[in-house]
Amino acid sequence: MGKIKILISGNEAIAQGAIQAGCNFYAGYPITPQNELIAYMAKNLTQAKGVFIQAESELAAISMVYGASAAGARAMTSSSSPGISLKQEGISYLAGAKLPAVIVNIMRGGPGLGNIAPAQSDYFQATRGGGHGDYQTLVLAPGSVQEAYDLTQTSFDLADKYRLPVMILGDGILGQMMEPVTLSARKIKVLPLKSWALTGCRGRKPNIVKSFFLREGDLEKFNLELQKNYALIRRQEERYEALYLKDAKIILVAYGSMARIAKSALMQLRGLGKKIGLIRPISLWPFPQKPFQLKNKKIKFLVVEMSYGQMLDDVRLAVCGRQKVEFLGRSGGGVLNEEEIIKKVRELVSS
Amino acid sequence: MRTFKRPESLYDNSTHYCPGCGHGIAHRLVAQVIDELGIREKVIGVAPVGCAVVAYDYWNFDCSEAAHGRALAVATAIKRVHPENIVFTYQGDGDLAAIGTNETIHAANRGENLTVIFINNAVYGMTGGQMAPTTLLHQKTSTSLEGRNAALHGYPLKISEMLALLPGVCYIERVAFDSPQGILKAQQAVKLAFENQINNLGFSLVEILSPCPTYWGLNPKAALDWIQEVMKKEFPLGRLK
């Protein structure tokens, strides 16, 4: 059988990837620029015999995901920046109850109501836990519609494997852009066994899903357990793409849609014989450390973001002062183009 | 001969509740009804944030916590994923009628096939006796020092009456733990609320006027009198739908 290729937007590709991965519960609330995702789920998840609920709020939607996950379902919700701020309550509870879930943030401009243009200004919120308490979510940032489709499937597996919420961090460009996607042949018939799930206590002791530890010492013990899990994830789940690092004198660092524009600038500069490389983090937490361990002290990193420097902090931590780290960013709906990146690179070459 | 036994659905644990508190009675009624209906192995309970957050320390069946006010969103999802299970929430007045009003109204309006046990004690217990949405006019709390004043604080919220207006709702009844007869009546109401779910009839809620002697500043006997003489006037008992 030949592979099936379809033309689809990033939002729809995430939805289709979720259904392909066996997602059987979705709750969401409308917000631009991710409305294609909720509409796709309303139609296709219902056809796939999953549960679709349009919730009364983001707070309700994420708590529905909590309930569905507690009941053993593969559960997902999606939103955009202001809605994701509301969902932080539930995301912290998911982390505290060790419940797997997939949360999609198709970022738009902020702060406040901001605008509906693409942005990458929720990086801090996504990679530092986001809500209250000592926790992390695993964060994946697709750079194409195909990768959005593929990584959504991976997200469900990672969420179940490590029992934590996984966030897919995209932006308005990725969500709205249409590209051909090759559908995977993966078929999930049986979801992973979840002995902790709430199903009724027939033939076993009752299961309790909770994040409340009132007795002295219990919460600290639990938090250390979480930390152990996070350490394991740090060791095992770094994901990135690296281009032309071997001879590069300037290395661009960008993720998501911004990385596509950076890559395009890189190809132009390479065509002119300039020694430029690119690191594209795919997992934003854990942030990839490996590609930054370079010995040549003369290399310069140029971090390019649709924000005023958020991933920049993680690059500085990974580089740890060995090389210079420069920054170029626009936010609030401004999207850097190739020429702006090339101009900055030329400045760095001559400085 | 009939003997008075502890239900299988209730653990033999010592209580963390204050003397004269209504939660212990309500926990037992729920457990007893679950035993009577033979559904212990099918039940999934959702505990609130508030004094009853650790209800699962007393109940011998599957339970989940929920964020404050979100119990009915959590329960909605559990029931939709497992329609064959019996799912209920157990919530206080702050949880159900203040921070969770939105979740409450919309779960009821969707006609979710759920059972709700709503404990109305007119006060926030766990946090130390602050004014609740159901606090009576002139009732003194740590955040309404001179008593609840309609001009400043609004009126006691009659959420059960509001919910009774919704077409998705199947059954609503208000009962009170003010006497042995009141407790027996409450038990019947709780049973009906679970039976409705078993028969797929939709959203059922039992509001229980329940004593909180500690934050009413009364001894347990005087607290029961206060329900009878004051609270029942503001929150009349009976079937609302």
side-chain contact (heavy atoms from CB on, under 4.5 Å) between B:Leu157 and B:Asp93, intermediate numbers included: CA-CA 9 Å; B:Leu157 188 68; B:Asp93 38 62; over 6 Å; no
Criterion side-chain contact (heavy atoms from CB on, under 4.5 Å) on A:Ile233 and A:Leu164, from CA distance to verdict: CA-CA 11 Å; A:Ile233 294 170; A:Leu164 86 173; 3.8 Å; yes
B:Leu205 vs B:Leu96, side-chain contact (heavy atoms from CB on, under 4.5 Å): CA-CA, chis, key distance, verdict: CA-CA 11 Å; B:Leu205 179 145; B:Leu96 183 136; 4.2 Å; yes
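Within 6.0 Å of CZ in A:Phe213 there are more than 12 heavy atoms belonging to other residues, nucleotides or ligands. Summarising the local packing, CD1 of A:Ile116 is surrounded by 12 or fewer heavy atoms from other residues, nucleotides or ligands at distances under 6.0 Å.
Residue B:Val46: no heavy atom, backbone or side chain, is found under 4.5 Å from chain A. When heavy atoms are compared at a cutoff of 4.5 Å, B:Ile78 approaches chain A by way of both its backbone and its side chain. Contacts between B:Val43 and chain A at a heavy-atom distance below 4.5 Å involve the backbone alone (N, CA, C, O). Only the side chain of A:Ile53 comes within less than 4.5 Å of a heavy atom in chain B; its backbone stays farther off.
With hydrogens and angles ignored, the 3.5 Å screen pairs no side-chain donor or acceptor of B:Lys191 with any backbone N or O of B:Gln32.
To the nearest 0.5 Å, the span separating CG on B:Leu72 from CG on B:Leu114 amounts to 6.5 Å. Rounding to the nearest 0.5 Å gives a distance of 10.0 Å between OG1 of B:Thr15 and NE2 of B:His23. Here the CZ-CD distance, from B:Phe118 to B:Glu173, works out to 14.5 Å after rounding to the nearest 0.5 Å.
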Listing needed: what donor-acceptor pairs below 3.5 Å join chain B with chain A?
residue, atom, partner, partner atom, Å
B:Glu41, O, A:Cys201, N, 3.2
B:Asp62, OD1, A:Arg204, NH1, 2.9
B:Asp62, OD1, A:Asn207, N, 2.7
B:Asp62, OD2, A:Thr199, N, 3.1
B:Asp62, OD2, A:Gly200, N, 3.0
B:Asp62, OD2, A:Arg204, NH1, 3.4
B:Asp62, OD2, A:Arg204, NH2, 2.7
B:Cys63, N, A:Asn207, O, 3.1
B:Cys63, O, A:Val209, N, 3.0
B:Glu65, N, A:Val209, O, 2.8
B:Glu65, O, A:Tyr66, OH, 3.1
B:Glu65, OE1, A:Ser211, N, 2.7
B:Glu65, OE1, A:Phe212, N, 3.3
B:Arg70, NE, A:Glu89, OE1, 2.7
B:Arg70, NH2, A:Glu89, OE2, 3.3
B:His82, NE2, A:Ala71, O, 2.7
B:His82, NE2, A:Leu198, O, 3.2
B:Asn85, ND2, A:Thr199, O, 2.9
B:Arg110, NH1, A:Glu56, OE1, 2.9

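The greatest number of non-hydrogen atom pairs below 4.5 Å with chain B, out of A:Val51, A:Ile62, A:Leu198, is found for A:Leu198. Most heavy-atom pairs under 4.5 Å with chain B, from the set A:Ala55, A:Ala27, A:Gly50, A:Gly200: that is A:Gly200. When the candidates B:Ala47, B:Ala77, B:Ala75 are compared by the number of heavy-atom contacts under 4.5 Å with chain A, B:Ala77 comes out ahead.
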